[in-house]
There are 2 protein chains.
Amino acid sequence: MTANILVVEDEPAIQELIAVNLEHAGHHVIRTRDAEGALQIVNHALPDLLLIDWMLPGTSGVALAKQLRHEERTRQIPIILLTARSSEQDKIQGLEAGADDYVTKPFSPRELLARIKAVLRRRAPEMTDEPVDVGGLRLEPATRRVFGAGKPLQLGPTEFRLLHFLMTHIERVHSRSQLLDQVWGDHVFVEERTVDVHIRRLRKSLEPSGHDRLIETVRGAGYRFARV
Amino acid sequence: MTANILVVEDEPAIQELIAVNLEHAGHHVIRTRDAEGALQIVNHALPDLLLIDWMLPGTSGVALAKQLRHEERTRQIPIILLTARSSEQDKIQGLEAGADDYVTKPFSPRELLARIKAVLRRRAPEMTDEPVDVGGLRLEPATRRVFGAGKPLQLGPTEFRLLHFLMTHIERVHSRSQLLDQVWGDHVFVEERTVDVHIRRLRKSLEPSGHDRLIETVRGAGYRFARV
DNA sequence: CCCACATGTAACATTTCTGTCACACGACCT
DNA sequence: AGGTCGTGTGACAGAAATGTTACATGTGGG
């Protein structure tokens with residue numbers, strides 16, 4: 001469960017602490033130090049969750065939360081407030097402002113991550129677990145198994161994701177770049193040739209059942225999974 | 001999705017109203033009027049969900065919730081709090097007490113049922129008190145015992161819950177995060193690596209009968225209980 | 001208060017996976 | 001044929017995931 005999280009925090013040390021922890025948990029972190037920056041970023045691309053410090057230079061975190069709740073585009077983005085004070089009054093104001101949760105500083109990274117997880121779960125629909133059958137190959141996300149001609153095949157994690165993507169996008173040719181985005185993720189920085197190597201490994205893994213030829217090379221374009 | 005629901009409510013009229021609605025929806029309702037009664041019932045048989053009124057004679061609903069969260073046996077039972085007040089303050093205390101959700105009186109039956117459904121959905125199905133037999137292993141929730149090849153095995157509490165969950169969800173791969181949610185509970189803040197250690201302990205406990213190999217590691221994904 | 005047990009973490013060991021290279025091979029063009 | 005480009009292939013070192021052990025803490029019972 002990875003997400004794009006916008007951290008609005010003016011104190012560099014705390015911002016860094018948070019970012020490190022969130023990224024360690026696999027989240028993608030975008031940072032800004034005040035409400036203005038937050039609004040600008042949000043207008044550009046909606047994050048999955050906002051982590052807002054209560055005290056900000058200029059517009060306060062609570063005010064920012066309220067404002068985001070008022071606009072249609074941003075109304076549904078979960079918000080977690082960070083507050084240094086533990087006053088009940090603040091908590092009330094925070095929840096009234098529309099925050100989904102709040103975390104009191106000092107907080108443990110674990111606690112922060114747990115809250116984020118809980119908040120995200122409330123809005124995240126489950127990803128598709130449906131098995132895929134193509135050309136005699138069967139891939140089951142739930143059990144994380146692949147069968148070729150009835151026999152189980154052994155794939156590594158990346159091979160599995162790659163095959164899953166290809167099998168759910170039959171016939172179409174995917175460039176290395178597209179595959180990197182879809183299988184590795186938007187933000188990763190790896191050589192395009194890496195895709196070749198994994199295609200090679202995947203083919204090798206599919207070889208025992210003879211299904212390796214289902215993955216076709218389209219010279220100058222990329223790779224494709226054939227129907228038959 | 002039907003469940004055993006313990007309703008802790010001192011006002012007879014409201015208790016009746018709730019019970020009628022829940023039963024109409026197919027749930028089995030157990031009733032009590034105070035915290036003491038609730039604890040007694042819980043000690044006898046664990047319900048699938050607790051519906052607790054905020055205001056109770058004697059021990060308050062919040063205190064009861066906290067107490068249940070504190071004990072190993074009852075930690076994972078979902079709790080929904082009923083409150084007559086709409087104060088945000090209550091909301092906060094309720095969430096801090098470990099409630100999964102809360103409903104403000106007066107509430108519509110539809111709303112109550114919706115919340116119950118939502119809370120129950122987070123919990124995996126099939127975790128009943130029925131004995132489970134898989135691959136020569138037998139687990140009896142009622143007696144809290146496990147037999148491997150006919151001989152009794154000795155497991156710790158967490159090992160038992162973990163094995164129970166795995167045995168009732170054969171073949172499927174569970175991420176560490178999912179296992180934490182299902183075996184430890186939603187609200188617990190522990191490291192994911194803790195799962196590994198308990199898997200290790202569980203395997204060791206199953207070793208005497210050779211059933212330790214039934215628990216498979218799926219690299220990059222999590223763990224699974226094999227069929228055979 | 002002491003003891004046995006259970007639990008969560010840290011630390012270290014081991015295995016597996018990944019990304020890159022360097023080079024081989026084959027396709028395509030002139 | 002020769003040359004160029006794109007892809008296949010095998011090797012390898014670093015990174016990541018998991019196994020394993022040890023330890024500190026907490027808890028409940030004698």
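The analysis underlying the following values was restricted to heavy atoms, covering all of them including side chains, and did not include hydrogens, waters or symmetry mates. Every chain is numbered from 1 and lettered A, B, ... according to where its sequence line falls, protein lines coming before strand lines. Quick caveat: nothing in here was measured; it's all calculated off a predicted structure.
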* Pairwise distance CZ(A:Arg203) to CG(A:Asp212) - rounded to 0.5 angstrom -> 8.0 Å

* Asked: From D:dG8, C:dT7, D:dT18, pick the nucleotide closest to the side chain of A:Tyr223?
  -> D:dG8

* For the pair made of CD1 in B:Ile199 and P in C:dT9, what is the distance, rounded to whole Å? -> 16 Å

* Is any side-chain N or O of B:Arg203 closer than 4.0 Å to OP1 or OP2 of D:dT20? -> no

* **From CA spacing to verdict: side chain to side chain contact (heavy atoms under 4.5 Å, CB included), A:Ile30, A:Val7** => CA-CA 6 Å; A:Ile30 315 162; A:Val7 177; over 6 Å; no

* Structure fact -> Atom NE2 of B:His174 and atom P of D:dT18 are separated, to the nearest Å, by 15 Å

* Asked: Do the charged groups of A:Glu11 and A:Arg33 touch, with an N to O distance under 4.0 Å?
  -> no

* Asked: D:dT9 P sits how many Å from A:Lys204 NZ, rounded?
  -> 8 Å

* To do: Please report, rounded to the nearest Å, how far the P atom of C:dT16 is from the CD atom of A:Glu159.
  => 14 Å

* Asked: How does protein contact run along nucleotides 19-30 of chain C, one letter per nucleotide 5' to 3', with B for base contact, S for sugar-phosphate only, - for none, heavy atoms under 4.0 Å?
  -> BBB----BB---

* Report the residues that fulfil ring-ring contact (aromatic ring centres under 6.0 Å, His included) with B:His198, sequence neighbours left out, ordered by chain and then residue number. => B:Trp184

* Under a 4.0 Å N-O cut-off, is there an ion pair linking B:Glu159 with B:Arg144? -> no

* Structure fact -> Across all chains, not counting sequence neighbours, the salt bridge (charged side-chain N to carboxylate O under 4.0 Å, His left out) partners of B:Arg201 are none

Check the interface with nucleotides 24-30 of chain D: list each N/O to N/O pair with the protein under 3.5 Å, or write none.
none

* **Overall bend - the helix from C:dC1-D:dG30 to C:dT30-D:dA1, comparing terminal axes fitted on five pairs, nearest 10 degrees** => 20°

* 5'-most by nearest nucleotide on DNA chain C - A:Leu155 or B:Leu155 -> B:Leu155

* **Spacing of B:Leu202 atom CG relative to C:dA6 atom C1', expressed in whole Å** => 14 Å

* In whole angstroms, how far is the C1' atom of C:dC17 from the CZ atom of A:Phe160? -> 16 Å

* Provide, to the nearest angstrom, the distance between the CG atom belonging to A:Leu180 and the P atom belonging to C:dT18. => 14 Å

* For B:Thr194 and B:Glu191, run side chain to side chain donor-acceptor pair (under 3.5 Å): C-alpha distance rounded to whole Å, both residues' side-chain angles, the deciding distance at 0.1 Å, then the answer. => CA-CA 5 Å; B:Thr194 297; B:Glu191 293 290 333; over 6 Å; no

* **With A:Asp10 via side chain to side chain donor-acceptor pair (under 3.5 Å) - residues at least two apart** => none

* Just by modelled atom types, is the A:Glu140 backbone N or O under 3.5 Å from a matching donor or acceptor in the A:Arg145 side chain? -> no

* Asked: Over how many whole Å does the gap from A:Asp196 atom CG to D:dT9 atom P extend?
  -> 11 Å

* Taking NZ, NE, NH1 and NH2 as the nitrogens, is one of them in A:Glu216 or A:Arg224 under 4.0 Å from a carboxylate oxygen of the other? -> yes

* Any chance you could lay out the salt bridge (Lys or Arg N to Asp or Glu O under 4.0 Å) test for B:Arg176 and B:Asp196, step after step, and finish with the verdict? => CA-CA 8 Å; B:Arg176 286 158 231 278; B:Asp196 296 48; 2.5 Å; yes

